[in-house]
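Here is the structure we will look at, set down as structure tokens.
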Amino acid sequence: MSEILTLGIETSCDETAAAVLRGGRELFSNVISTQIPLHQKFGGVVPEIASRKHIVNIMPVIDEAIHKAGVELREINQIAVTFGPGLAGALLVGLSAAKSLAFALKIPLIAVNHLEGHIFANFLSAPELEPPFLSLVVSGGHTALIKMTGYNSFELLGQSRDDAAGEAFDKIARVMGLPYPGGPEIDKLAKQGNPDAINFPHPKVAGYEFSFSGLKSAVLNYLNTAQMKGEPINAADVAASFQRTVVETLADKTLAAADEFKLDKIVLAGGVAANSSLEKTLREACARRGFKFYYPSKILCTDNAAMIACRGYYQNTFADSTLNAVPNLGL
Ligand code: KG4
Ligand code: ZN
């Protein structure tokens, strides 16, 4: 087994996170300092506040990750850091910390794509998992279907043309008066509602591309119309019906891609992977077809540095001190 110790650092959005990983799969520590309560009163992430809070948190979070791992900083062999996509100012805080530490410790620096990191969270939850597989990445900023044939071979089959799935969850929740982030709130509320109560239109986009802005507008129109007419709405039914439409859309495209590309392993990734209905729908559909289904544990679904360390470990390229943030980095 590899004895390489990787320190992962993640600051792309509203979590300051650091983790220590031995080899590719043995997680020694996973520290996440969330800023969610700070941004909640604004109904979403305020980039400037996020950067400032990352500056305050980054070194204590790294110290804690090293301490909890039971190792010394000088024992760390390499540093993996998120360089995009994400908020520019937020990314720069993690990058500065990673670059300075790598320089001081004279160890390699690895630049990690946050979206690839989400997929790699699955290797930590399921140590037996190996490529090839099909991955559905659903986060606050991205919705994408990716064919992964090796640790460093990704093929993007399709992604969202407009809103990401998580973004639609968050915007609808906000209009319904639910706290940020809206995804978990809609998930909770939907459990008390009837998913067949309202027929929202399924997005109609060819191939493996997605679009959630039309669905989002349909739900917002439904809520506005009811408000203008002074009609009561059943919030749980709205949440359940919206969630059903999103989940069916994601599951249908994923299963169609698995069939077309003859991939019998499906790997769910990103914050929306924590959605109970998406997980259940895909798990049951995979069981019916004899496919293997993987999704990360809840704490590894949303942003964390363990997945960044894992992605870094398997990456075969290194960065230098000229590394910069790439806020709109694609897959
Ligand atoms: O991957 P992530 O932590 O951050 C990004 O890289 O964007 O994803 C955050 C997104 C948010 O939109 C949040 O509402 C959504 O994941 N999310 C959920 C659930 N938990 C988090 N969406 C639906 N159901 C959930 N249980
Ligand atoms: Zn993320």
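When a ligand or atom number is given, it counts from 1 through the structure's own listing order.
- Atom 15 (C) of ligand 1 has V272 CG2, 3.9 Å as its closest protein atom, hydrogens excluded (heavy atom only).
- A salt bridge is absent between D170 and R174; no separation between the charged side-chain nitrogens and carboxylate oxygens falls under 4.0 Å.
- Using bins of under 30°, 30° to 60° and over 60° for the plane-to-plane angle, the ring pair Y151/Y314 lands in the parallel bin.
- The shortest contact between atom 24 (N) of ligand 1 and any protein heavy atom is with N275 ND2, 3.0 Å.
- Note on ligand 1: P184 sits in its first shell, one or more heavy atoms being nearer than 4.0 Å.
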Checking side-chain contact (heavy atoms from CB on, under 4.5 Å) for the pair R311/N152: CA distance, chi angles, key distance, verdict?
-> CA-CA 9 Å; R311 194 333 168 210; N152 294 295; 2.9 Å; yes
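- Counting atoms of ligand 1 from 1 in the listed order, those under 4.0 Å from a heavy atom of G141 are 7 (O).
- Every atom of ligand 1 with a heavy atom of G140 under 4.0 Å away is listed here by number and element: 5 (C), 7 (O), 8 (O), 9 (C), 10 (C), 12 (O).
- Nearest protein neighbour of atom 26 (N) of ligand 1, counting heavy atoms only, is D187 OD2, 2.9 Å.
- Each of L134, I266, L250, T281 was evaluated against L255; a single residue qualifies, I266, per the side-chain contact (heavy atoms from CB on, under 4.5 Å) test.
- The protein heavy atom nearest to atom 22 (N) of ligand 1 is G183 CA, 3.3 Å.
- For ligand 1, none of its N or O atoms has an N or O atom of F169 under 3.5 Å away.
- The aromatic rings of F242 and F169 sit perpendicular to each other, their planes meeting at more than 60°, with 30° as the lower class boundary.
- With rounding to the nearest 0.5 angstrom, the CD1 atom of I4 is 12.0 Å from the CZ atom of R22.
- Ligand 1 places these atoms under 4.0 Å from at least one heavy atom of G166: 12 (O).
- Nearest protein neighbour of atom 2 (P) of ligand 1, counting heavy atoms only, is D303 OD1, 3.3 Å.
- Using a cut-off of 2.8 Å, one finds that H114 contributes an N/O/S atom close to the Zn ion (ligand 2).
- Listed for the Q78 side chain is no donor-acceptor partner under 3.5 Å among the backbone atoms of T6.
- Looking at K298, K171, H114 and measuring to atom 6 (O) of ligand 1, the nearest heavy atom belongs to H114.
- Taking 4.5 Å as the limit, some side-chain heavy atom of H54 sits within range of a side-chain heavy atom of Q35.
- Of all the N, O or S atoms in D303, the one closest to the Zn ion (ligand 2) is OD1.
- Backbone or side-chain N, O or S atoms of C13 do not reach the Zn ion (ligand 2) at under 2.8 Å.
- The part of H118 lying near ligand 1 is the side chain, judged by heavy-atom distances below 4.0 Å.
- Within the 4.0 Å heavy-atom shell around ligand 1 one does not find E15.
- Under the 30°/60° scheme for interplanar angles, the aromatic rings of F212 and F210 are found to lie parallel.
- In this structure the side chain of V219 reaches within 4.5 angstrom of the side chain of V238, judged on heavy atoms.
- Listed by atom number, the atoms of ligand 1 under 4.0 Å from T302 heavy atoms are 3 (O).
- Closest to atom 17 (N) of ligand 1 among all protein heavy atoms lies G271 O, 3.5 Å.
- Polar contact check, D170 against ligand 1: a nitrogen or oxygen pair lies under 3.5 Å apart.
- Looking at I76 and I66, their side chains come closer than 4.5 Å, going by heavy atoms from C-beta outward.
- Screening V112, N113, I119 against L115 for a side-chain contact (heavy atoms from CB on, under 4.5 Å) leaves a single residue, N113.
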